2 protein chains.
Amino acid sequence: MLGEPIRDRRAERHERTKAEILDAAWEVARAEGLAGLTLRDVARKVGMRPPSVYSYFDAKHAIYDAMYAQGCREFLDRGTRLALTGDPLRDLTTGSRMFVEFCVEDPARYQLMFQRTIPGFEPSAESYALAVQALEAMGARLAQIGIADPGAMDMLTALTTGLADQQISNDPGGDRWLKLVDEAMEMFFAHIKNRTHGRTH
Amino acid sequence: MLGEPIRDRRAERHERTKAEILDAAWEVARAEGLAGLTLRDVARKVGMRPPSVYSYFDAKHAIYDAMYAQGCREFLDRGTRLALTGDPLRDLTTGSRMFVEFCVEDPARYQLMFQRTIPGFEPSAESYALAVQALEAMGARLAQIGIADPGAMDMLTALTTGLADQQISNDPGGDRWLKLVDEAMEMFFAHIKNRTHGRTH
DNA sequence: GTCTATACTAGGATAGAC
DNA sequence: GTCTATCCTAGTATAGAC
């Protein structure tokens, strides 16, 4: 009897179309704002009628979810590529710079991943698992640097998201807060060194 | 001839109804998310049909705008009420605590005032003037404390909005980041003292 | 499997009767 | 000032053509 083909060309085509729709969704979200994303715009961009999109994604939120997962994967990937040296302050700065740049370079993605502004959207369990994985990878890197105290980690996330947030909200396209990342890490590093040496408060 | 009445009862009633609609809008925004605000929900809450709301606000964005202005006025007011002592670190902490608490106590308001997530919404010139006024009042207080350097102010806004943002996004209703405000201000204060004494970088 | 036509509902907005 | 009726856009479901 005939063997089944190794490659499923139909499935491959389906995946390619899904990817095409996702790319279009990112374009629309960047242009119109994340909440301004409409299936009609996406459909038009890929040359379909709106209902056809449902062959690939069950609902608009499923598109958001796929975008969310994609963002997580990209973030994980960049974490892997970080060129770390073993010098704590240097590596801390490298990591924070990567994070802030990641946020700033795509505000729509930042809004999707780190803010909760789409009514009713919550990442699926699978997508959220990716986010947890990314967070854990970051935690592991920080532990290597010597930052394991939860309070210190919370302070650091506040500092880096604050820099990203202000850059996006108040100086889009500029570098007014981006260029403060190095100084912020010096400040933070001096602070935690101070804390571990003696005074607890 | 008859003098015109001093009070315009009709206008007063109109203003009262406007205020009622605004209150309802805040309730809906808090319950459904800022972007989940619908005129229908607001109308139902005040006992009107949706089109009747247009007698009071030209458009949905006009409601957002009035909410924005209201938020600015409340923030200005709290700035006025701050009990400052003349001690720089103490006053800095008091002000930052006020800011973070203001943000955290109403995430919908925070989103409206400090994030730009409603597609197409921009505050009117009048409302934005209030925001500028609030910012300037804050700048004046910081100058009194001895923080006039723009870079230092940017660092401070990043730190405080970051604390607020993380608290709202990752621990709503809790105090995981709220309780870091004092420590953050110590860190920041030590840093700028360090900067002004000698090394520029 | 893929796409379209069609229709339904929610929501913002306008026109006109009362 | 408030209502009813209406229109447009958008998300979504279904049926059916190919």
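The chains referred to below are lettered A, B, ... by the order of the sequence lines, with proteins before strands, and numbering in each begins at 1. Remember, it's a predicted structure, so these values are computed and weren't measured experimentally.
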> Within less than 4.0 Å of OP1 or OP2 of D:dT2, is there a side-chain N or O belonging to B:Arg13?
Replying inline: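 Yes, within the criterion.
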Taking [atom1] in [X] as the centre, count heavy atoms belonging to other residues, nucleotides or ligands within less than 6.0 Å. Is the count above 12?
{"X": "A:Glu101", "atom1": "CD", "result": "yes"}
{"X": "B:Arg90", "atom1": "CZ", "result": "no"}
{"X": "A:Asp58", "atom1": "CG", "result": "no"}

> So B:Glu74 and B:Arg109, salt bridge (charged side-chain N to carboxylate O under 4.0 Å, His left out) or not? Walk me through it.
Replying inline: CA-CA 11 Å; B:Glu74 173 66 23; B:Arg109 183 177 60 191; 5.2 Å; no
Rounded interatomic separation in angstrom, taking [atom1] from [X] and [atom2] from [N]:
{"X": "A:Arg40", "N": "C:dA5", "atom1": "CZ", "atom2": "C1'", "answer": "13 Å"}
{"X": "A:Ile63", "N": "D:dG11", "atom1": "CD1", "atom2": "C1'", "answer": "11 Å"}
{"X": "A:Lys60", "N": "D:dA13", "atom1": "NZ", "atom2": "P", "answer": "14 Å"}
{"X": "B:Asp58", "N": "D:dG1", "atom1": "CG", "atom2": "P", "answer": "13 Å"}
{"X": "B:Leu39", "N": "D:dC3", "atom1": "CG", "atom2": "C1'", "answer": "16 Å"}
{"X": "A:Phe121", "N": "D:dG11", "atom1": "CZ", "atom2": "P", "answer": "16 Å"}
{"X": "A:Arg16", "N": "C:dT2", "atom1": "CZ", "atom2": "C1'", "answer": "15 Å"}
{"X": "A:Glu12", "N": "C:dG1", "atom1": "CD", "atom2": "P", "answer": "14 Å"}

> Of the residues in residues 17-38 of chain B, which ones touch DNA chain D at a heavy-atom distance under 4.0 Å?
Replying inline: none
> Which residues in residues 47-55 of chain B have at least one heavy atom lying under 4.0 Å from any atom of DNA chain D?
Replying inline: B:Met48, B:Arg49, B:Pro51, B:Ser52, B:Ser55
Expected output: side-chain [X] to main-chain [Y] donor-acceptor under 3.5 Å:
{"X": "B:Gln167", "Y": "B:Asp171", "value": "yes"}
{"X": "B:Gln115", "Y": "A:Ser169", "value": "no"}
{"X": "A:Lys45", "Y": "A:Asp23", "value": "no"}

> Who pairs with B:Phe102 by ring pair (Phe, Tyr, Trp, His ring centres under 6.0 Å), at least two apart in sequence or on another chain?
Replying inline: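 B:Phe75.
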> Among C:dT2, D:dT12, D:dG1, which nucleotide sits nearest the side chain of A:His14?
Replying inline: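 Of all the options, the side chain of A:His14 is nearest to C:dT2.
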> Picking from D:dT2, C:dG1, D:dT12, which would you name as closest to the side chain of A:Arg10?
Replying inline: C:dG1
>> Does B:Phe57 reach a base, just sugar-phosphate, or nothing at all? Heavy atoms under 4.0 Å.
In response: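 Result for B:Phe57 = nothing.
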> Would you call the rings of A:Tyr64 and A:Phe121 parallel, tilted or perpendicular, where under 30° means parallel and over 60° means perpendicular?
Replying inline: tilted
